[in-house]
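Below is one structure, written out as structure tokens; the observations come after it.
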Amino acid sequence: MKKELRIQYDYFTNIVELEEENQYLIAKAREVAKKAYAPYSKFYVGASLVLENGEVILGSNQENIAFPSGLCAERVALFYAGSNYPNLAISKLVVVANGDLIAKEAVLSPCGSCRQVLLESQNRQEKMFPIYLVGQDDSVHIFSSIYDLMPMAFGK
Ligand code: THU
């Protein structure tokens, strides 16, 4: 017997098709990506995360000469939110990336560790939140929640 996993997500060819609030969050993520500390990979990632009270938390990737000591942009933002606003639910995450590690038309897809942390954040608040992945070419891939980026996850 074959079983199948299917995932559907929303795709927009350009950010101009999105509501203004989302365009604003993308602009903020791009701004913070410029502040990434990425001398080793030269890959600059920005994450903007919205809390249920409307507060926007930003994070960029922070590298280290001892490679595993660095942290991805998503987790910088998620852990900041968890540290400072443990009782506020996350209502949206936007991720952008800039650099040669991925093709211009490709979209950054969060790493496995970030997905596991996203899953924990969602489980903790018991409420799903969408994840917007924005390409360097301004295309947007919107996933309803981490469940769609992490099928059959441990801890679901
Ligand atoms: N990176 C992120 O910030 N987010 C991801 O989802 C994938 C990778 C960072 C880690 C490292 O600083 C650089 O991008 C190259 O892997």
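Heads up: numbering here begins at 1 and tracks the sequence.
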Decide yes or no for Gln136 and Ile102: does some side-chain heavy atom of the first lie under 4.5 Å from some side-chain heavy atom of the second?
yes
Going by the salt bridge (Lys or Arg N to Asp or Glu O under 4.0 Å) test, which pairs reach into residues 36-45, not counting sequence neighbours?
none
Count I, L, V, M, F, W, Y as connected when their side-chain heavy atoms are under 4.5 Å apart, and connections chain through other members. Are [X] and [Y] then in the same cluster?
{"X": "Tyr11", "Y": "Val140", "answer": "no"}
{"X": "Leu133", "Y": "Ile15", "answer": "no"}
{"X": "Phe129", "Y": "Ile26", "answer": "no"}

Residues joined to Val16 in its hydrophobic cluster, side chain to side chain under 4.5 Å directly or through other members, sorted by chain and number, are none
Connecting only ILVMFWY residues whose side-chain heavy atoms lie within less than 4.5 Å of each other, what is the rest of Leu5's hydrophobic cluster?
Met152
Expected output: side-chain [X] to main-chain [Y] donor-acceptor under 3.5 Å:
{"X": "Glu74", "Y": "Cys111", "answer": "no"}
{"X": "Asn98", "Y": "Ala33", "answer": "no"}
{"X": "Gln125", "Y": "Lys127", "answer": "yes"}

Apply the ring-ring contact (aromatic ring centres under 6.0 Å, His included) test between His141 and each candidate in Tyr132, Phe12, Tyr9; give the one that qualifies.
Tyr9
Taking side chain to side chain donor-acceptor pair (under 3.5 Å) as the test, write out the residues that go with Asp138, two or more places apart.
Arg30
Among all residues two or more places apart in sequence or in another chain, which pass the side chain to side chain donor-acceptor pair (under 3.5 Å) test with Ser41?
Glu63
Excluding sequence neighbours, so at least two apart, what forms salt bridge (Lys or Arg N to Asp or Glu O under 4.0 Å) with Glu17?
none
So among Leu18, Ile131, Asn22, which one has a side chain to side chain contact (heavy atoms under 4.5 Å, CB included) with Ile142?
Leu18
Ionic contact status for Arg6 with Glu4, cut-off 4.0 Å
yes
Evaluate whether atom CG of Asp100 has more than 12 neighbouring non-hydrogen atoms of other residues, nucleotides or ligands under 6.0 angstrom away.
no
